[in-house]
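Each residue takes its place number in the sequence, starting with 1. The structure displayed is predicted, hence computed values, not measured ones.
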Amino acid sequence: MVGELSTRDQQFAKWWGDHKVAARTVGTKTLNHPVVGELVLDWDTYTANTDPDQHLTVWTAVPGSPTHERLRILASWAADQHLSASSALSR
């Protein structure tokens with residue numbers, strides 16, 4: 001939509017080009033995973049000093065929380081899925 005507006009309206013294109021978007025760098029997000037259910041994750045985004053267009057987002061769960069335990073279960077489930085797939089391929 002921004003691209004379309006920019007090509008149709010020179011004032012919008014100038015305004016948008018000068019517009020500084022305030023980026024959120026931390027937050028919490030709730031996801032519903034089909035295997036383990038609700039995951040409440042905190043996230044932090046870091047920007048590379050040498051290239052401000054490059055970002056790294058780190059997702060974490062509070063140790064001992066239900067989400068932390070569900071992530072452990074999910075990791076175990078994923079490992080089992082990988083082993084099952086590997087066994088099927090070697091047959």
Side-chain angles (χ1 to χ4, degrees):
M1 180 161 57
V2 170
E4 183 178 338
L5 288 171
S6 295
T7 61
R8 293 180 183 213
D9 185 334
Q10 288 182 340
Q11 284 182 316
F12 177 84
K14 180 180 177 350
W15 173 80
W16 187 260
D18 294 340
H19 180 69
K20 301 293 182 211
V21 178
R24 290 184 52 204
T25 58
V26 298
T28 300
K29 181 137 182 116
T30 301
L31 305 171
N32 189 21
H33 192 278
V35 174
V36 294
E38 184 178 87
L39 300 170
V40 179
L41 299 164
D42 296 322
W43 58 270
D44 293 280
T45 299
Y46 303 94
T47 302
N49 289 332
T50 56
D51 186 351
D53 291 331
Q54 296 292 316
H55 306 280
L56 172 67
T57 301
V58 178
W59 296 83
T60 57
V62 175
S65 69
T67 294
H68 188 255
E69 183 57 30
R70 290 176 187 143
L71 288 174
R72 289 178 158 298
I73 292 167
L74 187 57
S76 176
W77 176 83
D80 289 345
Q81 295 297 310
H82 179 72
L83 287 175
S84 296
S86 296
S87 296
L89 291 174
S90 64
R91 290 183 201 164

* Asked: Leu41 pairs by side chain to side chain contact (heavy atoms under 4.5 Å, CB included) with which of Thr30, Leu71, Val62?
  ->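 When side chain to side chain contact (heavy atoms under 4.5 Å, CB included) is applied between Leu41 and each of Thr30, Leu71, Val62, only Leu71 qualifies.
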* To do: Could you please spell out the steps behind the side chain to side chain contact (heavy atoms under 4.5 Å, CB included) verdict for Thr28 and Val40?
  => CA-CA 7 Å; Thr28 300; Val40 179; 3.7 Å; yes
For [X] and [Y], work out which heavy atoms get closest and say how close.
X	Y	result
Thr25	Trp43	C-CZ3, 3.5 Å
Ala13	Ser6	CB-O, 3.6 Å
Glu38	Arg70	O-NH1, 2.8 Å
Lys29	Trp59	CB-CZ3, 3.8 Å

* Pair Thr45, Thr57: side-chain N/O donor-acceptor within cut-off below 3.5 Å ->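 Thr57 and Thr45 do have a side-chain donor-acceptor pair below 3.5 Å.
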* Does atom CG of Asp51 have more than 12 heavy-atom neighbours from other groups under 6.0 Å away? ->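 Result for CG/Asp51: enclosed.
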* Straight-line distance of Leu31 CG to Leu39 CG, nearest 0.5 Å ->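 CG of Leu39 is found 6.0 Å from CG of Leu31.
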